[in-house]
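Just so you know, residue 1 is the first one in the sequence shown, and it goes up from there. Every value quoted in this text rests on a predicted model; they were computed, and no experiment measured them.
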Amino acid sequence: MERVLDRVMDALDLETFLVCDSEEEGRRLILQLLQDMGFKDADVVFIQFQGPGVRVRARAYVHRSGDVYGWLKNQN
């Protein structure tokens, strides 16, 4: 069965609110979450500390420029 991630052209974005004590903790938590989900390459795109935590958007890269793209494997 084909993996859906093989059809992702570049990256996945995840946006959420994390309860934490600081922006630095929020950054660490979101990157840990993406690592726990199996992504090895991720960046924080947006982070804002407000009230009880951070609003954060992170990008998990499935393919970077020049990679062997999964969605090209089945094209002839």
Only distances under 3.5 Å count here; give the side-chain donor-acceptor pairs of residues 25-34 to other protein atoms, sequence neighbours excluded, each with its distance to 0.1 Å.
from: Glu25; atom 1: OE1; to: Asp21; atom 2: N; distance (Å): 2.6
from: Gln32; atom 1: NE2; to: Asp36; atom 2: OD1; distance (Å): 2.6

**Message:** Can you pull out every salt bridge (Lys or Arg N to Asp or Glu O under 4.0 Å) where at least one residue sits in residues 43-52? Sequence neighbours excluded, please.
**Reply:** Asp43-Arg64
**Asked** Do Met37 and Val8 share a hydrophobic cluster (ILVMFWY, side-chain heavy atoms under 4.5 Å, transitive)?
**Response** yes
**Where at least one partner belongs to residues 48-60, residue pairs that pass side chain to side chain donor-acceptor pair (under 3.5 Å), sequence neighbours excluded** = Asp13-Arg59, Glu15-Arg57
**Fill in**
Between Tyr61 and Phe39 the two heavy atoms that sit nearest each other are O-CD2, 4.4 Å
